[in-house]
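Before any comments, here is the structure.
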Amino acid sequence: MYIRWRYVSGVIVLAMLILLGIFFISDAYYVHNVAIVGRETMTDAEVYALARIADTHVFWVDPAQVRRSLLESPSIADAQVAVTWNNPMVIITLQEREPALVWEQNGVITWIDVQGRVMEQRGERPELLRVVAEDASLADGETPLPIEQIEADIVNGALQLRELLPERRELRFTTVLGLGFVDPGGWEAWFGTGTDMPEKVLIYNAIIANLQGRSIQPGVVNLTNPDAPFYTARAGR
């Protein structure tokens with residue numbers, strides 16, 4: 001009886017080794033594709049590449065590490081990763097970042113989310129406010145400055161101006177003057193940055209009404225400092 005059980009144990013061990021060998025050798029247990037849920041603008045191939053698990057054995061797939069790899073992309077706000085024994089064996093659930101602005105600088109166009117994070121532009125979103133940065137210190141084709149983050153004061157100020165002046169579909173930006181636009185009347189208006197745009201717009205409207213009442217054509221109206229706004233008149237006015 002002892003000898004028989006020894007043989008049985010040996011057969012069991014051998015069978016387990018064979019199964020383990022099949023498990024690690026069989027191509028069926030290597031990740032060649034993933035299931036992606038929730039993506040909107042990203043492609044399956046892009047997400048698969050970001051996951052960094054191509055041709056990895058499913059046994060070695062660490063969902064937490066895959067999630068960290070995915071979150072390195074500025075286009076992804078959150079991700080959940082699950083490993084199953086079905087095909088595909090890896091399921092990725094994404095939450096993409098939502099763009100708040102279109103940022104254009106020296107011919108380079110990107111998206112900016114509400115936190116100011118720079119994202120790759122993925123298609124046309126004509127409903128978004130466009131901000132054209134005009135700093136001439138950058139070389140043609142150079143990426144927006146800073147490369148990963150736009151200051152919150154700039155983003156918040158632009159969004160406030162869009163809400164207060166919905167007819168403005170495009171704003172200008174310089175590091176000195178902040179946010180502004182060219183009025184249909186021909187003058188430049190500059191508002192700086194920050195979350196005090198309601199106050200600045202009220203002052204701006206009052207200045208324009210006063211100037212027009214006096215038949216003065218402004219050249220520039222500057223409200224970067226609402227406590228000390230000023231204007232310049234066009235020559236000959």
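Checking each of Asp196, Val201, Ile203 against Leu223 for a side-chain contact (heavy atoms from CB on, under 4.5 Å) leaves exactly one that passes, namely Ile203.
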Can Leu171 and Leu129 be said to form a side-chain contact (heavy atoms from CB on, under 4.5 Å), step by step? CA-CA 8 Å; Leu171 297 177; Leu129 175 68; 3.7 Å; yes
side-chain contact (heavy atoms from CB on, under 4.5 Å) between Asn33 and Asn87, worked out: CA-CA 9 Å; Asn33 59 80; Asn87 187 24; 4.2 Å; yes
Given side-chain contact (heavy atoms from CB on, under 4.5 Å), test Glu104 with Glu170 step by step and report yes or no. CA-CA 10 Å; Glu104 180 178 345; Glu170 180 175 302; 5.8 Å; no
Show your working on side-chain contact (heavy atoms from CB on, under 4.5 Å) between Trp60 and Ile53 and close with a plain yes or no. CA-CA 9 Å; Trp60 302 114; Ile53 53 174; over 6 Å; no
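Checking side-chain atoms of Gln160 against main-chain N and O of Met197 turns up a donor-acceptor pair under 3.5 Å. With hydrogens and angles disregarded, a donor-acceptor distance shorter than 3.5 Å links the side chain of Lys200 to the backbone of Phe191. Between the side chain of Arg169 and the backbone N or O of Pro126 there is at least one donor-acceptor pair closer than 3.5 Å. Not a single donor-acceptor pair under 3.5 Å links the side chain of Arg172 to the backbone N or O of Trp190.
For the pair Thr110 and Gln105, the minimum side-chain heavy-atom distance is 4.5 Å or more. Asn156 places none of its side-chain heavy atoms less than 4.5 Å from the side chain of Thr193. The shortest distance between side-chain heavy atoms of Val47 and Ile92 falls below 4.5 Å. Put simply, the side chain of Ile76 reaches to within 4.5 Å of the side chain of Met42, judged on heavy atoms. Between Val221 and Ile208 the shortest side-chain heavy-atom distance falls below 4.5 Å. For the pair Trp187/Tyr231, no side-chain contact is recorded, criterion being any heavy-atom separation below 4.5 Å from C-beta on. Side-chain contact between Phe173 and Glu134 is absent, with no heavy-atom pair separated by less than 4.5 Å. Contact annotation: the side chain of Arg52 never approaches that of Leu70 to less than 4.5 Å [non-hydrogen atoms, C-beta and beyond].
Atom-to-atom distance recorded for Asn205:CG and Asn210:CG is 12.5 Å, nearest 0.5 angstrom.
Salt bridge absent: Arg97 and Glu120 never bring a charged side-chain N and a carboxylate O closer than 4.0 Å. The pair Glu98-Arg125 counts as a salt bridge, with a side-chain nitrogen and a carboxylate oxygen less than 4.0 angstrom apart. Here Arg67 does not pair with Asp62 in a salt bridge; the nearest charged N to carboxylate O distance is not below 4.0 Å.
Under the 30°/60° scheme for interplanar angles, the aromatic rings of His57 and Tyr30 are found to stand perpendicular.
No more than 12 heavy-atom neighbours from other residues, nucleotides or ligands sit within 6.0 angstrom of CD on Glu163. Environment of CD in Glu127: crowded, with over 12 heavy atoms of neighbouring residues, nucleotides or ligands closer than 6.0 Å.
With 3.5 Å as the limit, one finds a donor-acceptor pair spanning the side chains of Tyr204 and Asp183. Side-chain contact of Thr41 with Glu96: a donor-acceptor pair under 3.5 Å is present, judged by distance alone.
Gly192 and Thr224 get closest at one heavy-atom pair: N-CG2, 3.5 Å.
At a threshold of 4.5 Å between side-chain heavy atoms, the hydrophobic network of Ile, Leu, Val, Met, Phe, Trp and Tyr places Val34 and Trp85 in one connected group. Residues Leu179 and Leu159 share a single hydrophobic cluster, defined by chaining ILVMFWY side chains whose heavy atoms lie under 4.5 Å apart. Following chains of ILVMFWY side-chain contacts shorter than 4.5 Å, one cannot reach Phe230 starting from Val220, and the two form parts of different hydrophobic clusters. Ile36 and Leu71 fall within the same hydrophobic cluster, defined by Ile, Leu, Val, Met, Phe, Trp and Tyr side-chain heavy atoms under 4.5 Å apart, directly or through other members. No continuous path of hydrophobic side-chain contacts links Val132 to Val118 [ILVMFWY only; heavy atoms under 4.5 Å].
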